[in-house]
Visitor: 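My structure is below; once you've seen it, I'll send some questions.
The chains referred to below are lettered A, B, ... by the order of the sequence lines, with proteins before strands, and numbering in each begins at 1.
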Amino acid sequence: MMGQAQKPMPEILESLEGKEKVVIMGCGGCSTVFHTGGVEEVDIMEEILVKEGKDVKKITLPFAVFACYKPFSSMFIEKHKKDFKNCDAVLMMSCGDGLQTVRQILDEDMDIVKPFYPAINAMGVSGGGPSKFMEKCQACGECVMGRTAGICPLTECAKGLLNGPCGGTRTDGKCEVDPEKDCAWYLIYERLKKIGQYENIDNFNEPHDWSKSVTPRIFEREPLDIHKHLARTKKVIESLGI
Amino acid sequence: MEINSNLKRVLDSKKFAVTAEIGPPPSVDSKIIKKKANMLKGYIDAFNVTDGQTAVVRMASWATCLIAKEEGLEPIVQMTTRDRNRIALQMDILGIAALGIKNILCLTGDHISFGNHPKAKGVWDIDSIQFIRIVKDMRDNKQFESGDKMDVAPELFIGAAANPFADPFEMRIKRLSKKIKQGVDFIQTQCIFNINKFKEWMEKIRDLGLHEKVKILGGVTPIKSIGAAKYMKNKVPGMDVPDSIIERLSKVPKEKVSEEGIKIAIETIQQLKEIEGVYGTHIMAIEWEEMVPEIVKSAGLYPRP
Ligand code: SF4
Ligand code: SF4
């Protein structure tokens, strides 16, 4: 998921200065998990902005409906077309991916060109939960974890070293940069031992191929049959008794 | 390739080598560099200049090296992979080699969060071990990292750092052997205060025969004050300052602490001279370069070959 945190309220209000009619849009994906753009957070934001004297229209996406997936978000945007058309600004309570996907739908498919403001800061591909998360992947396009015991050195090591550890590892195996965090290479070393690949530590890892992460990366895929997948999810959920 | 490095000459002749560190100024003050260089002249075989140590902006290592070189000393340029990608590093290598620098120390560099520009972006396109391999390929195979070839190769004696004190201990030996495999010629170690642990490290190195494949120079730092000792012990990651050192410094009157610190440094060098596989010492007298001549003399290392 995309880790994220809300921007400080004064920064959000400053960006909306002079904008009277504001559309707030949340996200049912990561922003719901991280409490930055779920139904509740959008409600709270609405309340604050109304108190600030703004004319607010809100769009909430239910859980598991990602703002960054065009087939999902366009359904909701379509329904609120008028609000978008009339507004002075859109405050997006999703990661930058969601903001730009929504902006593009409006720009390109509906010819509605509006100023967009982010209400949150995205903080990297993160996993974990329900309450503690950690950034786990840089989406480098050339995964090396087969050689590093399933631990990503590009992300977990503060210097992204592929032949670590650096000379600063603390005596308790913590990272020189943050005494609260484990040194990634200490973890890799310990885990290689456990999975019987200790000799991997002697292997020289070549300089990383960063050409695989020249941005923006663009790809094409076969469109998804949403109804089929939703039906499948429904079945699984029912069978699990959730 | 014939490398015309004075440091290499001394090491090859099996004489105990002496290098020392010069801290570059956080300004354009070239006078201070010349002053420091002249303090060290005749007492060392080569000097290092740090490259943005602790991620604080100071004069570039290569530029400081060239200024001090004019005073007749041999430089060891330090280069970290923190601030430059493989393109910038290779360009700088061509430049320093063309300007007559013969020694390089390949480093990963201290993290940006320790320095005075904590908002900067760290580069780390490559790490120090990959860097060693790139310099070696440039020197021995006239080849850039891309595989492209060059006509005139850089003539460089390749060094790296090693920290015998960081954990896990076993991994430290593995890292050193990785550096050797990628082509490092000499090693300058982290400051040695825990001589017993260093001896243990050297023993492992000798068991693996690594001491015959690389020239190890033991790092020594004279301690100026008890505060400095405690700071290094508690605040500098990867430093091992045993309590016995702090106790020893605490026992002498306050005005004698720095003298005691120098004594400890001299004793450490004398012990290093006795350890098989140690080829020299690297003195890091941080903002205290004027003490280097006395340390070198008292350790019986003067005059230099
Ligand atoms: S190596 Fe690359 S793709 Fe694999 S986890 Fe790390 S950043 Fe992600
Ligand atoms: S201590 Fe470990 S995780 Fe931290 S920067 Fe050094 S190698 Fe990376």
Visitor: Enumerate by number any residue of residues 152-159 of chain A whose heavy atoms lie under 4.5 Å from heavy atoms of chain B; in the absence of such residues, state 'none'.
Guide: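 Those residues of residues 152-159 of chain A which have a heavy atom under 4.5 Å from chain B are A:A158, A:K159.
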Visitor: If you count heavy-atom pairs within less than 4.5 Å of chain A, which of B:R172, B:M239, B:R86 leads?
Guide: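 It is B:R172.
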Visitor: Can you tell me if B:I87 has over 12 outside heavy atoms packed within less than 6.0 Å of its CD1?
Guide: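 At most 12 heavy atoms, drawn from other residues, nucleotides or ligands, come within 6.0 Å of this atom.
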Visitor: Sorted by first residue and then second, give each ring pair (Phe, Tyr, Trp, His ring centres under 6.0 Å) pair with at least one member in residues 116-140 of chain B; sequence neighbours left out.
Guide: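 Passing the test, one end in residues 116-140 of chain B: B:H111-B:W124.
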Visitor: Listed by residue number, which members of residues 123-144 of chain A have a heavy atom under 4.5 Å from any heavy atom of chain B?
Guide: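 Under the 4.5 Å heavy-atom cut-off, nothing qualifies.
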Visitor: Is the side chain of B:D127 donor-acceptor paired with the backbone N or O of A:L161 at a distance under 3.5 Å, no angle test?
Guide: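 Side chain of B:D127 to backbone of A:L161: no pair is present.
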Visitor: Report which part of B:R82 has an atom under 4.5 Å of a heavy atom belonging to chain A: side chain, backbone, both, or neither.
Guide: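 Neither part.
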Visitor: Output the option from B:D110, B:D125, B:I126 having the highest count of non-hydrogen pairs under 4.5 Å with chain A.
Guide: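 The answer is B:D125.
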Visitor: Between B:P168, B:S177, B:S113, which shows the greatest number of heavy-atom pairs under 4.5 Å with chain A?
Guide: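 Max contact count across the listed options: B:P168.
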Visitor: Does B:K149, at its NZ atom, have more than 12 non-hydrogen atoms belonging to other residues, nucleotides or ligands within less than 6.0 Å?
Guide: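 Yes, the 6.0 Å shell around NZ holds more than 12 heavy atoms from other groups.
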Visitor: Check this for me: B:F169, atom CZ, are more than 12 non-hydrogen atoms of other residues, nucleotides or ligands nearer than 6.0 Å?
Guide: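 Atom CZ in B:F169 is packed in, count exceeds 12.
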Visitor: Nearest heavy-atom pair of A:G167 and B:A166: which atoms, and what distance?
Guide: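 Between these two residues, the closest heavy atoms are O-CB, 3.7 Å.
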Visitor: Suppose a student defines contact as a heavy atom less than 4.5 Å from any heavy atom of chain B. Which residues in residues 185-209 of chain A would they list?
Guide: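 Near chain B, by residue number: A:W185, A:Y186, A:Y189, A:Y198, A:I201, A:D202, A:N203, A:F204, A:N205, A:E206, A:P207, A:H208.
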Visitor: Between A:P165 and chain B, with a heavy-atom cut-off of 4.5 Å, which part of the residue counts as in contact: side chain, backbone, both or neither?
Guide: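 Contact with chain B is through both the backbone and side chain of A:P165.
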Visitor: Can you tell me how far the CG atom of A:N163 sits from the CD atom of B:Q182, to the nearest 0.5 Å?
Guide: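 If I round to the nearest 0.5 Å, the distance is 7.5 Å.
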Visitor: I'd like to know which of A:G160, A:G164, A:P179 tops the heavy-atom pair count under 4.5 Å against chain B.
Guide: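 Result: the option with the highest number of such pairs is A:G164.
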Visitor: Above 12 or not: heavy atoms from other molecules or residues under 6.0 Å from NZ of B:K199?
Guide: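 Above 12, so yes.
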Visitor: Is it the case that more than 12 heavy atoms not belonging to A:K7 sit under 6.0 Å from its NZ atom?
Guide: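 Yes, enclosed.
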Visitor: Could you tell me the separation between the CD atom of B:Q130 and the CG atom of A:L162, rounded to the nearest 0.5 Å?
Guide: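 One finds 5.5 Å between CD of B:Q130 and CG of A:L162.
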